[in-house]
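These notes concern the structure reproduced below.
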Protein chains: 2
Amino acid sequence: MFKRALYLQVRDVLVERIAAGAWKPGAAIPNEVELAREFGVSPGTMRKALDLMEAMRLLTRRQGRGTFVNDPSSAELTARFSNVRNPDGASIVEEVKTGEVAEWAVSDVECLRLHLSKDDRVYRLSRKRLHQGRAYMIEDVSMPVALFPGLAGEQSSSPGLTELAGQYGVLLGKAEERVSVKDAPLGVAEALGIALGSPVLVLDRVVFALDGRPAEWRMGWCHISDGHYLAEMK
Amino acid sequence: MFKRALYLQVRDVLVERIAAGAWKPGAAIPNEVELAREFGVSPGTMRKALDLMEAMRLLTRRQGRGTFVNDPSSAELTARFSNVRNPDGASIVEEVKTGEVAEWAVSDVECLRLHLSKDDRVYRLSRKRLHQGRAYMIEDVSMPVALFPGLAGEQSSSPGLTELAGQYGVLLGKAEERVSVKDAPLGVAEALGIALGSPVLVLDRVVFALDGRPAEWRMGWCHISDGHYLAEMK
DNA sequence: AAGTGGTCTAGACCACTCA
DNA sequence: GAGTGGTCTAGACCACTTG
């Protein structure tokens with residue numbers, strides 16, 4: 001018989017509580033000893049559970065103040081998966097134009113990237129990112145219907161992934177991005193205002209939820225004259 | 001008066017012990033209670049220090065067996081900073097041709113990337129990476145003389161950074177890589193066997209030691225027909 | 001059976017924040 | 001001064017590996 005560590009069980013309950021919205025972003029949660037009493041575990045065990053949640057970027061603890069639920073749609077957490085940078089290394093301050101959301105049957109690539117079956121469905125939309133009035137990236141985005149049910153009907157122009165994730169109780173974990181160089185096809189070249197066949201960075205990214213389910217697949221075609229893509233490795 | 005946490009002080013001593021080679025890669029270190037006794041701290045404090053070192057990839061602990069020093073030149077730790085991948089996502093099995101090592105005065109870019117002063121000196125070398133007999137990347141590498149004193153004299157064809165770091169007691173931490181697209185200049189095009197002006201991925205990478213000092217700057221020009229650069233974000 | 005790391009407990013005291 | 005998280009202690013017992 002397999003016995004899951006107590007601090008992991010405690011963490012999972014607390015994570016679920018945040019995903020369900022029982023504790024709102026920005027709010028303080030009960031202090032460590034109180035939580036330990038509620039769960040019937042020792043303070044050390046509760047502390048270890050909270051340590052893990054801080055590492056998952058769900059909580060922020062401040063000595064003398066308390067423990068707070070992070071806002072997943074905060075600038076910091078939203079920028080976490082955007083690696084396009086200015087020459088000086090700063091994140092690009094940008095304007096985003098989002099197209100309409102529509103529901104479709106999955107394509108083969110979507111099956112692969114989003115770990116779906118042939119008969120699953122996805123929402124698709126496209127975006128254009130501008131910097132100083134010039135388009136520098138266009139994106140095709142796909143999200144599983146299963147994770148964001150009823151998305152298409154609700155809002156014609158969708159907010160970003162992090163806002164959606166917050167609304168639907170999907171907690172985001174890691175992302176994987178495949179970067180390559182391709183010649184710009186016609187639609188891309190027109191949208192970015194560059195010559196047909198100019199080389200562009202192709203950014204093929206999947207964002208995963210904390211439980212490992214893929215939450216978003218995005219193909220980006222990016223033309224930055226002076227900037228770069230920044231990868232950090234630990 | 002500022003008091004550094006005990007477990008951090010303990011960790012620093014242990015890290016220094018590994019850097020100095022007092023504990024060899026692959027060897028087991030004393031068990032937790034013995035180490036705790038030696039340092040005059042409680043087992044819990046020693047455990048926290050060891051936890052941190054495991055997160056720094058310096059140690060591996062195995063329940064029932066013991067705690068072992070990681071080999072920094074192992075395949076796993078060496079591949080950590082190489083993000084070029086095959087279409088199937090696997091790391092490219094490769095052959096490397098390394099040029100001669102020579103000592104130079106720093107250039108402006110080296111000053112910037114390696115955090116050096118105008119009058120510091122660096123070792124430079126170049127490499128060519130082959131896959132199935134074809135060159136897919138050429139690299140210009142610079143390393144501070146201060147971190148690897150006497151490198152040029154010792155060996156004409158240098159081993160990789162991870163081996164050097166092991167020899168010189170430099171423990172590697174994180175890396176930052178700037179990725180962009182450029183037209184291949186003459187030397188690059190010739191070396192890679194592509195047309196002059198073909199677009200290539202430019203990989204501008206700095207590897208940092210655990211203490212934050214830059215240990216290596218590498219400019220790579222990479223042409224992969226079907227593969228990609230893989231970035232993971234946590 | 002002996003030895004290791006992994007988990008869990010139940011406290012104590014310190015450092016910081018804020019009213 | 002009251003309340004919070006951060007550190008530290010000194011044990012106990014469990015799960016796993018090896019001889």
Side-chain angles (χ1 to χ4, degrees), chain A residues 1-15 17-18 22-71 74 76-77, chain B residues 1-18 22-71 74 76:
Chain A
M1 184 52 195
F2 181 69
K3 192 194 155 212
R4 194 167 167 72
L6 191 49
Y7 67 90
L8 291 176
Q9 300 179 43
V10 170
R11 178 200 60 174
D12 290 346
V13 174
L14 294 176
V15 166
R17 209 171 270 193
I18 290 179
W23 287 329
K24 298 298 179 192
I29 71 174
N31 70 53
E32 300 183 343
V33 287
E34 193 170 327
L35 282 173
R37 240 197 345 261
E38 182 197 332
F39 281 77
V41 301
S42 88
T45 300
M46 179 54 68
R47 169 158 272 271
K48 194 157 180 178
L50 295 173
D51 280 343
L52 290 181
M53 293 176 70
E54 196 174 26
M56 295 159 84
R57 308 187 195 231
L58 291 175
L59 299 177
T60 300
R61 296 148 101 190
R62 269 175 284 180
Q63 186 174 147
R65 298 201 50 197
T67 302
F68 303 84
V69 180
N70 285 340
D71 181 358
S74 65
E76 189 192 356
L77 288 180
Chain B
M1 184 53 197
F2 181 68
K3 194 195 155 211
R4 194 167 166 71
L6 193 48
Y7 67 89
L8 291 176
Q9 300 179 43
V10 170
R11 180 201 59 174
D12 290 347
V13 174
L14 294 176
V15 166
E16 190 47 46
R17 208 171 271 194
I18 290 178
W23 288 329
K24 298 299 178 192
I29 71 174
N31 70 53
E32 299 184 344
V33 287
E34 192 169 329
L35 282 173
R37 240 196 347 261
E38 182 197 333
F39 281 78
V41 301
S42 90
T45 300
M46 180 53 67
R47 168 158 272 272
K48 194 156 180 180
L50 295 173
D51 280 343
L52 290 182
M53 294 176 70
E54 197 173 27
M56 295 158 83
R57 308 188 197 231
L58 291 176
L59 298 177
T60 300
R61 295 147 101 189
R62 270 175 282 181
Q63 184 173 145
R65 296 200 51 196
T67 302
F68 302 84
V69 180
N70 285 340
D71 181 358
S74 66
E76 190 192 356

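Numbered from 1 within each chain, the chains take letters A, B, ... in sequence-line order. A quick note: this is a predicted structure, and the numbers were derived from the prediction, not measured.
B:L50 has its CG atom 9 Å from the P atom of C:dG6, to the nearest Å. Distance CZ (A:F68) to C1' (C:dC18): 11 Å, rounded to an integer number of Å. Residue B:L52 contributes atom CG, which lies 11 Å from atom P of D:dC8 at whole-angstrom precision. Atom NZ in B:K3 sits roughly 8 Å away from atom C1' in D:dC8 (whole-Å rounding). Rounded to an integer number of Å, the gap from B:R11 CZ to D:dC8 P is 12 Å. One can place CG of B:D51 at 13 Å from P of D:dT7, the figure rounded to the nearest angstrom.
Remark: B:Y7 is in phosphate contact with D:dT7, judged by side-chain N or O atoms under 4.0 Å from OP1 or OP2. Between B:K48 and the phosphate of D:dC8, there is no side-chain N or O to OP1/OP2 separation shorter than 4.0 Å. Between D:dC16 and B:R62, no contact under 4.0 Å exists linking OP1 or OP2 to a side-chain N or O. Between C:dT4 and B:R61, no contact under 4.0 Å exists linking OP1 or OP2 to a side-chain N or O.
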Review item, nucleotides 17-19 of chain D N/O atoms under 3.5 Å of protein N/O:
residue, atom, partner, partner atom, Å
D:dT18, OP1, B:R65, NE, 3.1

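The shortest side-chain heavy-atom distance between A:T67 and A:M53 does not fall under the 4.5 Å cut-off. The closest side-chain heavy-atom distance from B:L14 to B:L50 is below 4.5 Å. Contact annotation: the side chain of A:I18 never approaches that of A:I29 to less than 4.5 Å [non-hydrogen atoms, C-beta and beyond]. Considering only heavy atoms from C-beta on, A:F39 comes within 4.5 Å of A:V13 through its side chain. Contact check for A:L35 versus A:V10: no side-chain heavy atoms found under the 4.5 Å cut-off.
When all heavy atoms of B:V69 and B:L59 are compared, the closest pair comes out as CA-CD2, 4.1 Å. Taking every heavy atom of both residues into account, B:A49 and B:R11 meet most closely at CB-N, 3.9 Å.
Sequence neighbours left out, the pairs with a member in residues 49-64 of chain B that pass salt bridge (Lys or Arg N to Asp or Glu O under 4.0 Å) are B:E32-B:R61, B:D51-B:R61, B:E54-B:R61.
Base engagement by B:R47 is indicated by at least one non-hydrogen atom pair under 4.0 Å involving a base atom.
A heavy-atom distance below 4.0 Å to DNA chain D is reached by these residues of residues 24-46 of chain A, ordered by number: A:N31, A:E32.
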Q: For side chain to side chain contact (heavy atoms under 4.5 Å, CB included), just list the numbers for B:D12 and B:R4, CA-CA rounded to whole Å, side-chain angles, deciding distance to a tenth of an Å, and then say yes or no.
A: CA-CA 11 Å; B:D12 290 347; B:R4 194 167 166 71; 3.0 Å; yes
